[in-house]
Amino acid sequence: MSEPDWYCDQVIPRAIDVDVVAETDDVLAFRPPIRGFGTEHVIVVPKRHVRSLLELDPALGAELLRVTQDVARQVVDAHGGCQVLTTLGDEQHNRHLHLHVAAGEGVARFVRRKD
Ligand SMILES: [Zn+2]
């Protein structure tokens with residue numbers, strides 16, 4: 001059974017409505033229809049299938065990072081800060097590389113454990 005790929009199946013072909021924040025020939029940045037986390041949440045993906053950060057080629061990586069940088073700058077300007085993160089292995093639920101740019105209430109807080 002092939003794994004469902006929401007990005008290749010729905011988002012990139014625009015089978016669903018997403019709020020596009022930035023787009024280049026190779027990269028799409030959008031707000032998901034259901035906010036995953038944060039008061040601001042933008043997802044940045046390569047428009048061709050790349051399984052994860054570990055399979056990303058450096059040329060596409062540079063473009064992905066450039067778009068992510070533009071989006072993150074806008075989010076920092078609007079919200080004072082943000083997180084940029086991607087997931088890998090067992091932590092990655094959709095097997096299409098995606099970066100989250102998220103700010104505000106609901107984002108993960110990387111704080112030192114007290115125990
Ligand atoms: Zn894909």
Side-chain angles (χ1 to χ4, degrees):
M1 193 179 105
S2 68
E3 296 167 321
D5 181 345
W6 183 61
Y7 301 103
C8 278
D9 295 344
Q10 303 283 317
V11 175
I12 294 161
R14 308 293 167 83
I16 60 162
D17 225 12
V18 293
D19 179 12
V20 174
V21 175
E23 183 169 17
T24 67
D25 288 346
D26 300 315
V27 176
L28 179 68
F30 66 97
R31 292 185 183 92
I34 299 170
R35 182 172 291 132
F37 56 91
T39 52
E40 173 66 294
H41 183 201
V42 179
I43 297 175
V44 188
V45 293
K47 287 161 81 171
R48 65 172 183 266
H49 186 76
V50 176
R51 189 174 168 83
S52 82
L53 180 66
L54 301 181
E55 286 81 27
L56 179 63
D57 80 73
L60 180 56
E63 178 70 3
L64 188 73
L65 196 58
R66 194 183 65 72
V67 173
T68 303
Q69 190 177 43
D70 289 347
V71 170
R73 184 173 289 117
Q74 291 173 35
V75 174
V76 169
D77 286 348
H79 299 279
C82 71
Q83 294 182 2
V84 178
L85 66 91
T86 192
T87 51
L88 293 167
D90 293 343
E91 299 279 344
Q92 184 182 358
H93 300 299
N94 188 304
R95 302 292 181 172
H96 182 115
L97 169 61
H98 55 287
L99 281 80
H100 299 275
V101 180
E105 203 61 39
V107 301
R109 297 295 172 200
F110 298 103
V111 295
R112 186 187 294 269
R113 288 172 54 150
K114 295 217 163 48
D115 57 334

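Order of listing sets the numbers, starting from 1, for every ligand and every atom in it.
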CG/Asp57: more than 12 non-hydrogen atoms of other groups inside 6.0 Å: yes
Result of checking Val71, Leu64, Ile43 against Leu99 for side chain to side chain contact (heavy atoms under 4.5 Å, CB included): Leu64
Basic-acidic side-chain contact under 4.0 Å: Arg66, Asp70: yes
Euclidean distance, Glu40 CD relative to Gln83 CD, rounded to 0.5 Å: 13.5 Å
For the Zn ion (ligand 1): protein N/O/S atoms at distances below 2.8 Å: 4
Geometric class of the Tyr7/His96 ring pair [parallel <30°, tilted 30-60°, perpendicular >60°]: tilted
Asp26 vs Arg48 side-chain heavy atoms within contact, under 4.5 Å: yes
